[in-house]
Amino acid sequence: MSDPKTHWENIYSQKQPNEVSWWQDHPTPTLEIIHELNLNKATPILDVGGGDSTLADHLLEEGYSNITVLDISEKSIQRAKQRLGKRSAAVTWIPCNILDFEPPCGYGLWHDRATFHFLTTEEETAKYQAIVRRAVLNDGYLILATFSTNGPRRCSGLPVKQYDALALSEYFKGSFTMLRSFTVDHRTPSHAIQNFQFCCFRKIKP
């Protein structure tokens with residue numbers, strides 16, 4: 001297989017936004033959690049693997065002012081900027097493989113609906129966890145959505161790792177405490193059903 005960046009650049013070059021399986025017009029589950037957290041509108045928010053997701057659009061509309069979107073694909077970021085137009089200047093865009101990410105600041109909310117389940121080795125998941133621990137502020141939040149144990153085993157031509165709430169809680173124990181978890185059936189643009197495991201964690205003060 002080609003390197004991850006090349007793979008995802010090809011995906012975004014070959015498919016329109018509403019043709020990729022993870023597309024959502026309205027990221028309802030994520031926004032519902034964020035509303036429950038009642039964050040300050042100036043809270044620094046990082047959307048990992050956000051690409052051309054519409055989450056940034058909705059957060060801007062709701063008045064959040066410190067939004068960062070990270071994605072391995074520069075093409076996906078370019079598409080998001082084009083969609084947002086002038087509003088894209090209000091977002092910080094970081095084209096980067098999450099495993100190479102050096103957080104430039106602390107974040108009050110780390111959101112990931114697209115990346116963690118593609119990390120299939122212990123080395124990759126351990127590195128991801130270490131980056132999360134460094135990046136999330138004390139009392140900050142982690143929203144993580146992965147394919148559930150009833151979800152697909154592959155996505156976009158790649159193998160994925162499935163999780164339930166207990167497994168995700170174990171991964172982040174010691175640094176984060178779980179606040180809530182639930183599963184959601186996501187209907188893809190091709191009308192297939194993908195079951196996602198959502199978990200919301202809070203960073204534990206040392």
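Here the structure is a predicted model, which means the values were calculated and not measured.
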Are [X] and [Y] connected in the hydrophobic side-chain network, where two residues link if heavy atoms are under 4.5 Å apart?
X	Y	answer
Val132	Ile94	yes
Val91	Leu31	yes
Leu179	Ile34	yes
Leu55	Leu60	yes
Tyr64	Leu46	no

Run the side-chain contact (heavy atoms from CB on, under 4.5 Å) check on Arg87 and Glu61 step by step: do they pass?
-> CA-CA 10 Å; Arg87 291 193 300 160; Glu61 288 170 7; 3.6 Å; yes
Considering all heavy atoms of both residues, which atom of [X] and which atom of [Y] are nearest to each other, and what is their separation?
X	Y	answer
Ala56	Val69	CB-CG2, 4.1 Å
Phe118	Pro159	CD2-O, 4.1 Å
Ala135	Pro103	CB-CG, 3.7 Å

Could you check whether any side-chain heavy atom of [X] comes within less than 4.5 Å of a side-chain heavy atom of [Y], counting everything from C-beta outward?
X	Y	answer
Ile45	Leu59	yes
Glu102	Arg134	yes
Leu119	Leu99	yes
His117	Gln197	no
Val184	Asn195	no
Tyr171	Ser169	no
Leu168	Thr146	yes

Measure the spacing between [atom1] of [X] and [atom2] of [Y] and express it to the nearest 0.5 Å.
X	Y	atom1	atom2	answer
Ile98	Ile72	CD1	CD1	10.0 Å
Lys205	Leu137	NZ	CG	11.5 Å
Phe201	Ser181	CZ	OG	8.0 Å
Arg180	Ile143	CZ	CD1	9.5 Å
Glu62	His35	CD	NE2	3.5 Å
Leu70	Thr115	CG	OG1	7.5 Å

Expected output: side-chain [X] to main-chain [Y] donor-acceptor under 3.5 Å:
X	Y	answer
Thr30	Pro27	no
Arg83	Ser53	yes
Lys203	Val136	yes
Trp93	Gln78	no

Decide whether Asp164 and Thr149 meet the rule of one side-chain donor and one side-chain acceptor closer than 3.5 Å.
-> no
Establish, from distance only, whether the side-chain atoms of Arg133 and Ser175 form a donor-acceptor pair under 3.5 Å.
-> yes
Count the heavy atoms of every other residue, nucleotide or ligand shown that sit under 6.0 Å from NZ of Lys173, and state whether that count exceeds 12.
->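 Result for NZ/Lys173: open.
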Is the number of heavy atoms from other residues, nucleotides or ligands within 6.0 Å of CD (Glu123) greater than 12?
->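 Open.
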Give the C-alpha distance, both sets of side-chain angles, the deciding distance and a yes or no for ring-ring contact (aromatic ring centres under 6.0 Å, His included) between Tyr163 and Phe147.
-> CA-CA 6 Å; Tyr163 293 92; Phe147 288 130; over 10 Å; no
Pair Phe176-Tyr141, ring-ring contact (aromatic ring centres under 6.0 Å, His included): steps then yes or no | CA-CA 8 Å; Phe176 291 84; Tyr141 299 95; 9.6 Å; no
Check Cys96, Pro95, Ser76 against Asp71 for a side chain to side chain contact (heavy atoms under 4.5 Å, CB included) and give me the one that passes.
-> Ser76
Salt bridge (charged side-chain N to carboxylate O under 4.0 Å, His left out) between Lys127 and Glu124, intermediate numbers included = CA-CA 5 Å; Lys127 191 168 186 180; Glu124 290 173 332; over 6 Å; no
Any idea how Phe198 and Phe182 line up, ring-wise: parallel (<30°), tilted (30 to 60°), or perpendicular (>60°)?
->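 It falls in the parallel class, under 30°.
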Kindly say whether the aromatic ring centers of Phe172 and Trp110 come within a distance under 6.0 Å.
->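 Here the rings of Trp110 and Phe172 have centres that are no less than 6.0 Å from each other.
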Run the side-chain contact (heavy atoms from CB on, under 4.5 Å) check on Leu37 and Cys200 step by step: do they pass?
-> CA-CA 10 Å; Leu37 296 177; Cys200 179; 4.1 Å; yes
Could you walk me through whether Thr43 and Tyr107 pass side-chain contact (heavy atoms from CB on, under 4.5 Å), step by step?
-> CA-CA 7 Å; Thr43 297; Tyr107 298 95; over 6 Å; no
Output, in order, the C-alpha distance, side-chain angles, deciding distance and verdict of side-chain contact (heavy atoms from CB on, under 4.5 Å) for Tyr128 and Asp112.
-> CA-CA 11 Å; Tyr128 180 100; Asp112 177 355; 2.5 Å; yes
